[in-house]
Amino acid sequence: MSLKGPVPQPGILDIDPYVPGESAAPGGIKPIKLSSNETPLGPSAKAIAAFKAEADHLERYPDGGATALRKAIGERYGLNPDRIVCGAGSDELISIITHAYVGPGDEVVYAEHGFLMYKLATLACGGIPKPVKEKALTADVDAMLAAVTPKTKIVFLANPNNPTGTYIPHDEVRRLHKGLPGNVILVLDAAYSEYVRRNDYEAGVELVASSDNVVMMRTFSKIYGLAALRLGWAYCPAGIADVMNRTRGPFNVSSPAIAAGIAALADRNHVEEAVAHNDRWLPWVEAECRKLGLDVTPSVGNFLLIHFPTAEGKDASAADAFLKSRGIILRRVAAYGLAQCLRMTIGTEDDNRKVIAALTEFVGRK
Ligand SMILES: Cc1ncc(COP(=O)(O)O)c(C=O)c1O
């Protein structure tokens with residue numbers, strides 16, 4: 001692509017801007033939006049109240065260090081607040097760390113169906129994205145290690161991964177870390193960790209605590225239901241926290257987000273309800289899809305990857321159009337190399353039943 005006028009840094013014009021999940025259905029129907037892995041339960045009422053209370057002080061800058069929020073996160077998870085860096089969503093944290101450590105020609109490794117922001121952040125720095133083949137839509141540790149070269153600066157691992165919903169057990173994460181040179185950062189993106197119900201899974205707290213090159217990222221956008229406020233955090237080795245604090249915007253997290261985040265963390269019941277809801281409906285949707293003859297990738301997150309046949313009229317694109325005509329918006333994931341799949345966020349009971357009813361109609365069409 002050529003542009004008139006000033007020329008940006010190399011790599012930037014190679015970026016296809018991130019396309020968020022759609023939110024509008026045709027014909028002005030109120031949509032059932034299951035395209036962005038948002039929680040069907042909404043945020044805690046306490047978080048909403050804390051957010052509203054901030055409206056009285058909008059003339060003030062936020063606390064640039066998000067001190068109270070880092071303290072609350074530290075208490076909740078037993079972490080040292082000095083090693084926590086908050087950001088405007090984990091998207092911003094991915095961007096901050098990549099800008100700080102990746103320069104032109106440097107390489108960034110991630111699994112081939114890994115979260116798209118890893119590629120976009122790398123290109124924005126003039127770096128070279130190195131997607132690595134997966135096995136059964138799951139990150140392949142050996143292949144990722146084999147892709148590391150002297151130019152590699154960061155390895156990103158979304159665990160569980162979006163959009164596949166798959167995860168690797170903690171032993172495998174440790175093996176990945178062990179195989180990396182000490183100058184390569186392993187970023188464990190644990191955006192969906194609260195939903196995972198597996199004994200062999202860990203978000204990565206201990207690995208961060210016991211090494212100099214592992215960072216764990218978390219978000220308030222998913223189970224806490226605060227996606228609109230843009231709030232995430234990273235738990236880092238002291239040296240990396242220092243670097244991220246030097247390069248982030250001085251007021252990158254707003255006061256309403258800080259207040260809502262603190263209140264959300266304190267409302268443990270709300271999080272438990274969200275987990276229980278997911279535990280109930282994730283297996284149900286998966287089983288119903290299978291009854292319809294649709295393959296589903298087993299997921300440990302709050303979403304499912306549904307596979308469609310390739311036949312015209314039966315494929316993911318046709319399914320997407322059909323569902324939209326019923327006011328149901330799932331996520332096309334062709335940008336992830338999964339053109340024959342749709343990703344569905346687990347919704348309310350009513351949403352889930354409506355999707356299955358619509359898919360039943362779609363699959364049964366002649
Ligand atoms: C794996 C993963 N990481 C990070 C994010 C970004 O979350 P945030 O809203 O905190 O920027 C998402 C959002 O979809 C995600 O799926």
Side-chain angles (χ1 to χ4, degrees), residues 17-23 33-39 42-43 47 66 69 73 84-98 108 110-122 124 131 134 137-139 154-168 173 186-196 201 203-204 215-235 244 248-249 252-254 257-258 260-261 264-265 278 297 299-305 329-333 335-336 338 341 343-346:
Y18 184 85
V19 181
E22 290 178 62
S23 54
K33 180 179 183 289
L34 301 173
S35 57
S36 299
N37 299 343
E38 296 149 340
T39 172
L69 175 61
I73 295 169
I84 295 169
V85 180
C86 295
S90 33
D91 281 347
E92 192 200 24
L93 296 164
I94 292 166
S95 186
I96 291 171
I97 199 164
T98 309
V108 173
Y110 52 89
E112 68 178 315
H113 302 301
F115 183 49
L116 264 183
M117 280 304 296
Y118 312 146
K119 177 180 174 188
L120 304 195
T122 303
E134 299 178 2
L137 295 180
T138 307
I154 301 181
V155 173
F156 280 106
L157 178 73
N159 203 30
N161 184 51
N162 167 24
T164 53
T166 57
Y167 80 107
I168 61 172
V173 177
L186 174 60
V187 175
L188 301 174
D189 179 348
Y192 301 94
S193 57
E194 293 87 354
Y195 289 106
V196 183
Y201 174 81
V215 170
M216 174 190 70
M217 291 188 180
R218 306 284 285 263
T219 181
F220 282 89
S221 300
K222 306 301 174 183
I223 204 152
Y224 290 106
L226 297 176
L229 290 184
R230 312 306 303 124
L231 187 60
W233 55 280
Y235 179 48
M244 292 179 74
R248 70 178 171 82
N252 61 331
V253 175
S254 72
I258 292 172
L265 278 173
N278 203 56
T297 302
S299 168
V300 296
N302 66 335
F303 56 91
L304 279 168
L305 196 60
I329 306 173
L330 305 192
R331 180 63 171 263
R332 290 227 59 192
V333 280
Y336 286 90
L338 297 165
C341 300
R343 189 194 68 197
M344 171 186 170
T345 308
I346 298 304

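Keep in mind that what you see is a predicted model, and the values were worked out from it rather than measured. Counting starts at 1 for both ligands and their atoms, in listed order.
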Quick check against the 3.5 Å criterion: does Asn302 have a side-chain atom that pairs as donor or acceptor with the backbone of Asn37? yes

For [X], counting its heavy atoms only, list the atoms of ligand 1 lying under 4.0 Å from any of them.
| X | answer |
| --- | --- |
| Lys222 | 13 (C), 14 (O) |
| Gly89 | 8 (P), 10 (O), 11 (O) |
| Ala191 | 2 (C), 3 (N) |
| Asn162 | 1 (C), 14 (O), 15 (C), 16 (O) |

For Glu38 and Lys33, run side chain to side chain contact (heavy atoms under 4.5 Å, CB included): C-alpha distance rounded to whole Å, both residues' side-chain angles, the deciding distance at 0.1 Å, then the answer. CA-CA 9 Å; Glu38 296 149 340; Lys33 180 179 183 289; 3.1 Å; yes

Measure from atom 10 (O) of ligand 1 to every heavy atom in Thr219, Leu157, Leu231 and give the option owning the shortest one. Thr219

Which protein heavy atom lies closest to [atom], and at what distance to 0.1 Å?
| atom | value |
| --- | --- |
| atom 6 (C) of ligand 1 | Asp91 OD1, 3.2 Å |
| atom 11 (O) of ligand 1 | Arg230 NH2, 2.7 Å |
| atom 3 (N) of ligand 1 | Asp189 OD2, 2.6 Å |
| atom 9 (O) of ligand 1 | Ser221 OG, 2.6 Å |
| atom 12 (C) of ligand 1 | Phe115 CZ, 3.4 Å |
| atom 7 (O) of ligand 1 | Ser90 OG, 3.3 Å |

Could you tell me whether Arg218 and Glu194 have a side-chain N and a carboxylate O separated by less than 4.0 Å? yes

4.5 Å side-chain heavy-atom contact, Lys119 and Pro131: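 SC-SC contact between Lys119 and Pro131 ruled out.
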
Hey, are the side chains of Arg230 and Asp91 touching, using non-hydrogen atoms and a 4.5 Å cut-off?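 The answer is yes; the side chains approach within 4.5 Å.
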
Worked check of side chain to side chain contact (heavy atoms under 4.5 Å, CB included) between Leu229 and Phe220: CA-CA 9 Å; Leu229 290 184; Phe220 282 89; over 6 Å; no

Starting from the C-alpha separation in whole Å, work towards a yes-or-no answer on side chain to side chain contact (heavy atoms under 4.5 Å, CB included) for Val215 and Val85. CA-CA 10 Å; Val215 170; Val85 180; over 6 Å; no

Would you kindly specify which portion of Phe220 sits under 4.0 Å from ligand 1, judged on non-hydrogen atoms: side chain, backbone, both or neither?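 For Phe220, no heavy atom sits under 4.0 Å from ligand 1.
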
Aromatic rings Tyr118 and Phe156: how do their planes relate, parallel, tilted or perpendicular, breaks at 30° and 60°?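 Tyr118 and Phe156: parallel rings.
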
